[in-house]
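For reference, the structure is listed below as C-alpha cells.
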There are 2 protein chains.
Amino acid sequence: MAKGRYHHGDLRSALLDAAEALVRERGTDGWSLREASARVGVSPSAAYHHFASRDTLVRALSERTLAWLGERLRQDCERAPGRQDDPQRRLIALGRSYVSWSLDDPAVARLVLRGGATAPDSAISPHPHDVLTAELDRLAGAGALPEPAREGAEFVVWAALHGLAVLLADGLVRFDDPHAVDLQTERVVRTTLNGLAQEASHAAGRPAGRSAHTERLARRSGG
Amino acid sequence: MAKGRYHHGDLRSALLDAAEALVRERGTDGWSLREASARVGVSPSAAYHHFASRDTLVRALSERTLAWLGERLRQDCERAPGRQDDPQRRLIALGRSYVSWSLDDPAVARLVLRGGATAPDSAISPHPHDVLTAELDRLAGAGALPEPAREGAEFVVWAALHGLAVLLADGLVRFDDPHAVDLQTERVVRTTLNGLAQEASHAAGRPAGRSAHTERLARRSGG
DNA sequence: CCGGTATCTAAACGCTGTTCAGATTGGAGT
DNA sequence: ACTCCAATCTGAACAGCGTTTAGATACCGG
C-alpha cells in the first residue's frame with residue numbers, strides 16, 4: 001500500500017483514479033494506458049492483471065462514475081428546495097443536478113453519457129435512469145402527471161434532459177451566464193411536464209402520437 | 001482519375017468516402033489513416049497533402065455530413081405530409097428526419113452529433129440548427145407558438161430532439177418496433193410545443209424559468 | 001517542348017496496445 | 001516458523017499507429 005512496494009495494494013482503483021484525472025486533462029482518448037500506469041508508478045503490463053484492455057479500463061471508469069452520478073441524483077432529489085415532498089421540485093432538482101454535472105465535468109460526462117462504454121451485464125446501482133423513473137412514479141402518484149401520459153413519459157423527460165446535458169458537455173451550446181443553465185434546465189423540465197399533462201387532456205379528442213403497445217422499449221446500459 | 005494513375009484525381013473526396021465507410025463498419029476510432037489510404041490505393045503519407053492530420057480528416061467528414069443533414073432536414077420539411085404549410089407538421093417532419101437518420105446511420109451520427117469534431121470557422125450550409133430555427137420562426141409567425149415563449153424555444157426543442165437522437169444512436173434506448181421511433185419522436189415534438197404554449201399562458205401568473213437576458217447564448221459548431 | 005509545382009512514394013521516428021516469460025511477494029496451510 | 005502457491009508485477013518484445021522527411025512522378029502553364 002505504501003510507496004516502493006512491489007505489490008501496489010489497490011492498483012485497480014489507482015488506475016481508475018489516474019484514468020479519471022487524465023480524461024479531465026486530455027479527454028477520453030488523449031492519453032495512453034502506459035501513461036496511466038506510469039502515473040501510478042507501475043509498469044504498463046501490470047494493468048492487464050486488472051483490466052483486459054484499455055477499453056475495459058475506460059468502461060469500468062464509466063460504470064463507476066455512472067453509479068456515483070445515480071447516487072448524486074438521488075441525494076439532490078432529497079435536498080430539493082421548497083416543500084420537500086413537492087414532486088415537481090424534486091424532478092427539477094434532479095434535472096439541475098444532471099445538467100450541471102455535465103457542464104462542470106464535461107470531459108468525464110462525455111465519456112459516461114456516450115454510454116456505449118458500459119458493459120451489458122453491469123449492475124450499476126443506483127442507475128440514473130432508475131432514479132428518474134422513480135421520480136416520475138412519485139409525480140404520477142401525487143396526481144401531477146395524469147395516468148394516460150405516464151406510460152413512456154420517462155423517455156420524453158430523459159430525452160430532453162439528456163439532450164441538454166450532451167449539448168452542454170459537447171460544447172454545442174454555451175451559456176454566457178452560468179445561472180442561465182439552471183434556468184434553462186428548469187424550463188425544459190417544466191415545459192416537458194406541462195406538455196405531458198396537456199397531452200393527457202387532449203388524448204380524448206384526438207389520439208396523440210402514442211399507443212400502449214408500440215411504445216414498448218428496453219433500456220440498455222448507460223446514462 | 002482512372003486506376004493505376006500516379007495522381008489520383010480526387011483523393012480528398014475519395015479519402016472522405018473511405019473514412020465514411022470505415023466509420024460505418026467499425027466506428028469513429030476503429031480504423032486507421034493507413035487503412036483508409038490503402039483502401040483508396042494510395043500511400044499513407046499521401047493523405048497529408050489533403051488533411052493536416054487524421055483528426056482533420058474526421059472533422060472534414062463531420063462537416064460534410066452535417067451539411068448533407070441540413071439539406072435533408074430542409075427537404076423533409078417541405079415534403080411534410082398533410083397540409084404543406086402546417087408549421088407543426090413541418091416541425092414533426094424535421095424531427096422524424098433528424099431522429100430516424102441517427103437510428104439508420106448510428107455510427108456516422110455518433111461521429112457528427114458529438115460535434116466537438118467540427119472546426120470553429122467552418123461555414124456549414126445549411127446548418128441543421130439554422131433549419132430548426134427557421135421552422136420555429138415559421139411556427140411563431142403562424143401564431144402556433146406564442147411570442148413570449150418563442151425566445152430560446154429552439155434550445156428546448158433542440159435539446160429534446162437531440163437527446164432522443166443521441167440516445168438512439170448510442171444505443172442507450174431501443175425500440176422493438178421501428179415505427180415506434182416515429183411515434184415517440186412525434187410525441188416529443190408535440191409535448192415540447194404544447195409545453196411551450198402552456199408556459200406562455202401561465203407566464204402572466206408566475207414567471208417561468210426564463211428571462212430575456214439570462215438566456216442569451218451562443219451556438220458553437222456542430223449538429 | 002520545357003520547367004515548376006502539385007501530388008504521390010518510401011523509409012524512418014517515437015509511441016501505442018498487447019503478450020509473454022520470469023521475478024517478486026503476501027498469505028494460507030502445516 | 002516454514003513452505004509453497006497463487007496473485008501480482010517487471011522487462012523485453014511485437015506489430016501497428018500517426019506523422020515527418022527526402023525524393024520520385026506527372027500534370028499544366030508557358
Side-chain angles (χ1 to χ4, degrees), chain A residues 1-63 107 111 114 116-119, chain B residues 1-63 107 111 114 116-119:
Chain A
M1 197 174 294
K3 300 177 187 179
R5 298 256 221 175
Y6 192 94
H7 286 37
H8 180 280
D10 193 4
L11 182 55
R12 196 190 139 89
S13 305
L15 282 172
L16 285 171
D17 293 342
E20 186 170 355
L22 282 165
V23 167
R24 288 209 179 87
E25 291 171 28
R26 308 204 209 101
T28 303
D29 292 316
W31 52 277
S32 62
L33 221 207
R34 296 173 108 103
E35 188 171 4
S37 303
R39 199 172 273 212
V40 169
V42 113
S43 85
S45 42
Y48 286 84
H49 291 269
H50 301 273
F51 303 100
S53 65
R54 196 201 107 114
D55 201 61
T56 306
L57 166 63
V58 171
R59 274 209 275 269
L61 175 59
S62 179
E63 291 173 20
L111 171 67
R114 240 151 249 199
T118 50
Chain B
M1 197 176 291
K3 301 177 186 177
R5 298 255 221 174
Y6 191 97
H7 285 38
H8 181 279
D10 193 4
L11 183 54
R12 196 190 139 90
S13 305
L15 283 171
L16 286 171
D17 293 341
E20 186 170 355
L22 283 165
V23 167
R24 288 208 179 88
E25 292 171 28
R26 309 205 207 101
T28 303
D29 292 316
W31 52 276
S32 61
L33 221 207
R34 295 172 109 101
E35 189 171 1
S37 304
R39 198 171 274 211
V40 169
V42 115
S43 86
S45 42
Y48 287 83
H49 291 267
H50 301 274
F51 302 100
S53 65
R54 196 201 107 114
D55 202 60
T56 306
L57 166 62
V58 172
R59 276 209 275 269
L61 174 59
S62 180
E63 290 173 20
L111 170 67
R114 340 212 127 145
T118 50

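Throughout, a chain's letter reflects where its sequence line sits, starting with A, and its residues are numbered from 1.
- Atom CZ of B/R12 and atom P of C/dA6 are 16 Å apart (whole Å).
- Rounded to whole angstrom, the span from the CG atom of B/L11 across to the P atom of D/dT25 amounts to 19 Å.
- Residues B/F51 and B/L61 have side chains not in contact (no heavy-atom distance under 4.5 Å, counting atoms from C-beta outward).
- Taking CZ of A/R39 as the start and CG of A/L22 as the end, the distance is 4.0 Å to the nearest 0.5 Å.
- Atom CG in A/D10 sits roughly 15 Å away from atom P in C/dG26 (whole-Å rounding).
- Ion pairing between a basic and an acidic side chain is recognised when a charged N comes within 4.0 Å of a carboxylate O; A/R24 and A/E20 show such pairing.
- The two residues B/A107 and B/V23 come nearest to each other via the heavy atoms CB-O, 3.3 Å.
- Inter-residue side-chain proximity for B/H50 and B/H8 is flagged as unmet; no heavy-atom pair is nearer than 4.5 Å.
- Distance A/L57 CG to C/dT16 P: 15 Å, rounded to the nearest Å.
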Contact letters for nucleotides 12-22 of chain D, in which S counts primed atoms plus P, OP1 and OP2 and B counts the base, heavy atoms under 4.0 Å: -B---BBBBB-

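- Between the side chain of B/S37 and the backbone N or O of B/L33 there is at least one donor-acceptor pair closer than 3.5 Å.
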